[in-house]
Amino acid sequence: MIITDVTARVFRHKTRRHSDSAGHAHPGPEHEVHQGILTIRTEDGHEGHSFAPPEVMRPHVLDKYVRKVLIGQDHRDRERLWQDLAHWQRGSAAQLTDRTLAVVDCALWDLAGRTLDQPVYKLIGGYRDKVLAYGSTMCGDEIEGGLATPEDYGRFAEKLVARGYKGIKLHTWMPPVSWSPDVKMDLKACAAVREAVGPDIRLMIDAFHWYSRTDALELGRGLEKLGFDWIEEPMDEQSMSSYKWLADQLDIPVLGPESAAGKHWQRAEWVKAGACDILRTGVNDVGGITPALKTLHMAEAFGMNCEVHGNTAMNLHVVAAVRNCRWYERGLLHPFLEYDEGFDYLKSLSDPMDADGYVHLPDRPGLGEDIDFDHIENNRVA
Ligand SMILES: O=C(O)[C@H](O)[C@@H](O)[C@@H](O)C(=O)NO
Ligand SMILES: [Mg+2]
């Protein structure tokens, strides 16, 4: 049970996903990027793994913080290890991030599952073995036939419904798209999707994240006429009072915060302030599975749903272990990318979806990621 080793491996993998200046993904030519895998090993040879960008697990961070907290400890003490690592953040000069807490916490959960030969969601306490997914589109673009016009969104929505999705979330246009942001164009895309899919498919929006209060209000009022289920991150989430102002004015539920700092503590403040109607958490956003569960359980105590941000196994297992989350966010999707092709370092999808829109939890131990260790070793860069 005692942790003896924490290692990071960096490897090449190929993708057609490219990040823009705001960190949003768009399709492009295949290129090589680097990915990291963190491995935590115990004295009896058990291992737990989790993936993250290499900078999240860089040598300085592992040496100065992670190994100091983990080595020699009982790997089953996830709560104490998470608290001990989180307490290093304050004095780390912002070098120890929530993303690092998340990759360590996920590897510990994976280690527990692999050691006990159980899926993580069953260790947490399973609520369901399959979860309804919504298709989460990439942000709009200026790619001919991509997501460049409202009609493009409408056509893509039809394809997503044919694939089985019962819900669709539009990420609309944001800089660096030359003419964006534009509330009226956002609403045209939403209207085109509603027209294309009809009244029974659930629709949501995740818009430009820095609109003014009045722009966000105009967007929200328009969405109410289109029967959307929620408006997400239309303003800078550092201004909780702006969200309180917006939520007080709108009938459509305001969902958040996704990117606001402060883990489950800040999300408790949003609930107390009435700044959202549906809460949001995400394993990468709050520092791991452990704090994501704290957020979801707190929301449940207030009678609130809490939607989990992001795809991948770590978020899927959290969604499968709670009642007060309606969807798994499957994406990000684009007409020019085949999401079901997965990643070249995984032998199978972590979130396979059936024709009815349900993602089934794999019966593999831990986080259930079907890792191709040969690919990792054959493409090692560090
Ligand atoms: O980079 C981002 O901001 C995320 O990918 C984001 O676009 C998307 O995951 C999201 O906001 N989902 O709700
Ligand atoms: Mg979002």
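Sequence positions, counted from 1, serve as the residue numbers for this chain. Heavy-atom basis, side chains included; hydrogens, waters and symmetry copies ignored. In each ligand, atom 1 is the first atom listed, and ligand 1 is the first ligand listed. Predicted model, so just to flag it, every value in this text is computed and none were measured.
Of the polar atoms of K169, at least one N or O is found under 3.5 Å from an N or O of ligand 1, judged by distance alone. By the 3.5 Å distance cut-off applied to N or O atoms, H209 is not counted among the residues near ligand 1. Between E233 and ligand 1, no pair of N/O atoms sits closer than 3.5 Å.
The nearest pair of heavy atoms linking G287 to D105 is O-CB, 4.1 Å.
Hydrophobic clustering (side-chain heavy atoms under 4.5 Å, transitive across Ile, Leu, Val, Met, Phe, Trp, Tyr) groups V319 together with L333.
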Show your reasoning for whether ring pair (Phe, Tyr, Trp, His ring centres under 6.0 Å) applies to H171 and H334.
CA-CA 11 Å; H171 285 94; H334 191 280; over 10 Å; no

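The nearest protein atom to atom 9 (O) of ligand 1, hydrogens excluded, is given as H309 NE2, 2.8 Å; this is a heavy-atom distance. Here the heavy atom of the protein found nearest to atom 2 (C) of ligand 1 is H24 CD2, 3.7 Å. If you check which protein heavy atom lies closest to atom 5 (O) of ligand 1, you get L332 CD1, 3.7 Å. For atom 10 (C) of ligand 1, the closest heavy atom belonging to the protein is H171 NE2, 3.1 Å.
Atom NZ of K188 has 12 or fewer neighbouring heavy atoms from other residues, nucleotides or ligands inside a 6.0 Å radius. The environment of E195 atom CD is sparse: at most 12 non-hydrogen atoms of other residues, nucleotides or ligands sit within 6.0 angstrom. Counting heavy-atom neighbours within 6.0 Å of E30 CD, excluding the residue itself, gives a total above 12. The neighbour count for D363 CG, taken as heavy atoms of other residues, nucleotides or ligands under 6.0 Å away, does not exceed 12.
Ring orientation note: the planes of Y345 and F11 are nearly perpendicular, at an angle over 60° on the 30°/60° scale.
Ligand 1 places these atoms under 4.0 Å from at least one heavy atom of D206: 10 (C), 11 (O), 12 (N), 13 (O). Near R280, with a cut-off below 4.0 Å to any heavy atom, the atoms of ligand 1 are 12 (N), 13 (O). Near G23, meaning under 4.0 Å from one of its heavy atoms, ligand 1 places the atoms 1 (O). Close approach of ligand 1 to E258 (heavy-atom distance below 4.0 Å) involves ligand atoms 10 (C), 11 (O), 12 (N), 13 (O). Less than 4.0 angstrom separates some heavy atom of E232 from each of these atoms of ligand 1: 13 (O).
The residues R280 and E329 are annotated as salt-bridged, a charged nitrogen and a carboxylate oxygen being separated by less than 4.0 angstrom. Salt bridge annotation for R364-E369: absent, with no cationic side-chain nitrogen under 4.0 angstrom from a carboxylate oxygen.
In this structure, E329 has a heavy atom closer than 4.0 Å to ligand 1.
Side-chain contact between W109 and Y121 is absent, with no heavy atoms from C-beta onward closer than 4.5 Å.
The count of protein N, O or S atoms under 2.8 Å from the Mg ion (ligand 2) stands at 3, with waters excluded from the count.
Through side-chain heavy atoms spaced under 4.5 Å, either directly or across other Ile, Leu, Val, Met, Phe, Trp or Tyr residues, V10 is tied to V381.
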